[in-house]
2 protein chains.
Amino acid sequence: MDVRVYLSWEWTGWTLYIPPGGDGRLRALPVREGMVEMATQAGAAAKPRAPLSKERVLSAAIALADEGGVDALSMRKIAQMLGVVPMALYKHVANKNELLDGMIDAVVGEIDPPAGDTDWKTAIRRRVLSARRMLLRHPWACEVVESRIKARAMPTPAVMEYLDSMIGIFRAGGFSIDLVHHAMHVMGSRLLGFSQELFEDTSDREPDPDAMAPQEMAARYPHVTELAMAVAHSQESVVGSGCDDQFEFEFALDLTLDGLERLRGTT
Amino acid sequence: MDVRVYLSWEWTGWTLYIPPGGDGRLRALPVREGMVEMATQAGAAAKPRAPLSKERVLSAAIALADEGGVDALSMRKIAQMLGVVPMALYKHVANKNELLDGMIDAVVGEIDPPAGDTDWKTAIRRRVLSARRMLLRHPWACEVVESRIKARAMPTPAVMEYLDSMIGIFRAGGFSIDLVHHAMHVMGSRLLGFSQELFEDTSDREPDPDAMAPQEMAARYPHVTELAMAVAHSQESVVGSGCDDQFEFEFALDLTLDGLERLRGTT
DNA sequence: ACCTGAACACCGTTCAAGT
DNA sequence: ACCTGAACACCGTTCAAGT
């Protein structure tokens with residue numbers, strides 16, 4: 001059998017053909033939706049695939065990163081998740097960096113819009129805490145944003161919009177343009193809810209077989225040990241152990257905002 | 001020629017042999033220093049190779065990262081730099097993570113020791129500014145430390161020592177253990193000189209062909225534009241453009257230290 | 001006992017060929 | 001015009017074989 005039927009997509013939206021060395025079945029290639037196999041015998045149903053789009057690619061990527069972190073994210077795995085060949089993704093994102101930028105844009109877009117009817121301090125505080133809630137949903141976002149900044153990439157539109165409205169809140173609150181500039185530097189990535197820890201909580205981890213013995217720990221790092229014991233003790237009444245990240249974040253945020261308020265008064 | 005001479009390393013420190021299909025030259029394998037080729041004819045000098053060590057591996061890795069960033073760092077490139085096969089590195093570091101930890105340890109060790117004869121605020125301030133100078137020499141250190149924290153790795157000994165002495169300075173300055181705990185969270189990775197920017201200076205970059213037109217920029221992001229113009233203007237008298245990173249870092253550091261000092265007074 | 005080449009299981013991306 | 005398989009140039013690491 002050597003029949004081939006080509007119909008131009010411009011007229012029909014489909015290309016129909018019978019592959020040369022195949023099983024002789026008629027296949028149809030819709031213009032926008034990838035290949036669909038159609039049975040030539042009557043009654044056999046077509047099994048169409050959801051069309052790929054930038055949104056589908058991004059949400060698959062975000063789901064993958066939410067689950068396994070940014071290390072588990074690869075073009076090949078995203079493609080596999082979508083039941084598609086890796087190269088198909090490159091129709092919708094130019095490369096992996098553009099994919100990362102798209103992911104950042106999507107999650108920064110989840111941050112609540114600014115509340116219009118409060119003072120600057122409350123407005124900033126609420127917004128930053130909303131950003132932090134977003135970041136807890138998407139723990140990978142922190143390092144992705146940082147890596148993109150380090151690569152000296154232009155901030156994505158959603159980040160630009162976020163920063164613009166934050167600057168606007170400071171300005172409306174009576175901050176001089178110079179002080180707003182300093183304020184943005186002081187708040188830094190905390191604006192996006194980053195908590196910038198130097199320690200991670202280790203209490204929920206498997207006991208490390210070659211970890212240091214407690215008495216050696218106390219001898220080498222007496223002040224760290226004192227602090228760790230105090231934190232552990234103060235948390236004994238509360239459920240779990242380790243310190244309250246949310247409290248520490250708000251403590252640092254408020255210390256910063258209070259400092260800025262004081263500066264505004266004297267400038 | 002089918003002569004092979006094997007001498008046990010336990011007695012001589014060397015293994016001598018003539019490879020079967022080779023040029024017939026006698027070779028010597030020293031126990032600790034890798035293979036050295038020795039000429040059999042008199043007068044020809046041996047050409048020994050500097051023995052590999054953890055220090056040599058680490059300094060090659062640091063040099064590579066200083067030059068091309070952490071993305072340019074790979075086990076294979078380090079090996080190439082040292083004139084060695086990649087697998088030879090695994091004698092001195094168990095894997096890449098241990099290599100990264102070793103690199104962190106080495107550069108954190110470059111931070112000046114604490115000054116003993118000043119008040120807590122000056123001592124912390126000097127030390128943090130020394131950490132920042134280290135970080136400017138090794139810009140990759142920031143992201144490597146962060147990635148290791150995110151991987152929930154135990155801080156390396158040099159980092160532990162650094163944190164311990166910082167806590168000690170606060171304690172000696174009259175801070176309660178609880179307030180020290182909060183202070184460490186407030187200062188976060190700024191303790192290591194991280195500046196935590198959300199913007200990178202873009203003034204020295206090639207003009208992006210598909211960048212936004214200035215008027216569109218001003219329309220979409222009015223507050224960002226106002227701030228950018230103000231910064232550019234205030235810097236016109238000074239050499240170069242963009243803002244003074246060092247000033248902004250110290251501004252944020254001092255605002256934080258002042259806030260902590262005030263809290264110490266009332267707690 | 002030490003060292004190392006080849007191999008394995010990945011990765012992002014290019015490119016020519018298929019339809 | 002769209003899609004895709006094979007290939008390229010990497011990567012960290014395992015492992016059996018060489019000496």
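What you see is a predicted model; the values in this text were computed from it and never measured.
Remark: P of dC11(D) and NZ of Lys96(A) are 15 Å apart, rounded to the nearest angstrom. A straight line from CD1 of Ile78(B) to C1' of dC11(D) spans 12 Å, rounded to a whole angstrom. In this structure, Leu89(B) atom CG and dC2(C) atom C1' are separated by 15 Å, rounded to whole Å. The interatomic distance linking Arg76(A) (CZ) with dT14(C) (P) rounds to 13 Å, in whole Å. Rounded to whole Å, the distance from CD on Glu98(B) to C1' on dG12(D) is 15 Å. dC3(C) atom P lies 9 Å from atom CG of Leu52(B), rounded to whole Å. dT4(D) atom P lies 12 Å from atom CG of Leu82(A), rounded to whole Å. The distance between atom CG of Leu64(B) and atom P of dC11(D), rounded to the nearest whole Å, is 10 Å.
Taken from CD1 in Ile167(B) to OH in Tyr221(A), the straight-line distance is 12.0 Å, to the nearest 0.5 Å. Going from atom CE of Met160(B) over to atom CE of Met154(B) covers 4.5 Å, rounded to the nearest 0.5 Å.
Side-chain contact check for His138(B) versus Glu110(B): some heavy-atom pair is nearer than 4.5 Å.
The side chain of Met87(B) approaches dC15(D) more closely than any other nucleotide in the set dC11(C), dC15(D), dC11(D). The side chain of Val85(A) lies closest to dT4(D) when the candidates are dG5(C), dT4(D), dA7(D). Of the candidates dC11(D), dT4(C), dC11(C), the closest approach to any side-chain atom of Lys77(A) belongs to dC11(C). Taking only side-chain atoms of Ala88(B), from C-beta outward, the nucleotide of dT4(D), dT4(C), dT13(D) with the closest atom is dT4(C). When distances are taken from the side chain of Lys91(B) to each of dC11(C), dC3(C), dG12(D), the shortest belongs to dC3(C).
Judged by distance alone, with hydrogens and angles left aside, the side-chain atoms of Arg148(B) form no donor-acceptor pair with the main-chain N or O of Pro155(B) at under 3.5 Å.
Base pairing of dG12(C) is made with dC8(D), judged by Watson-Crick or G-U wobble geometry with both donor-acceptor distances under 3.5 Å. The base-pairing partner of dC2(D), taking Watson-Crick or G-U wobble contacts with both distances under 3.5 Å, is dG18(C).
A donor atom on one side chain and an acceptor atom on the other are found under 3.5 Å apart for Gln196(A) and Ser189(A).
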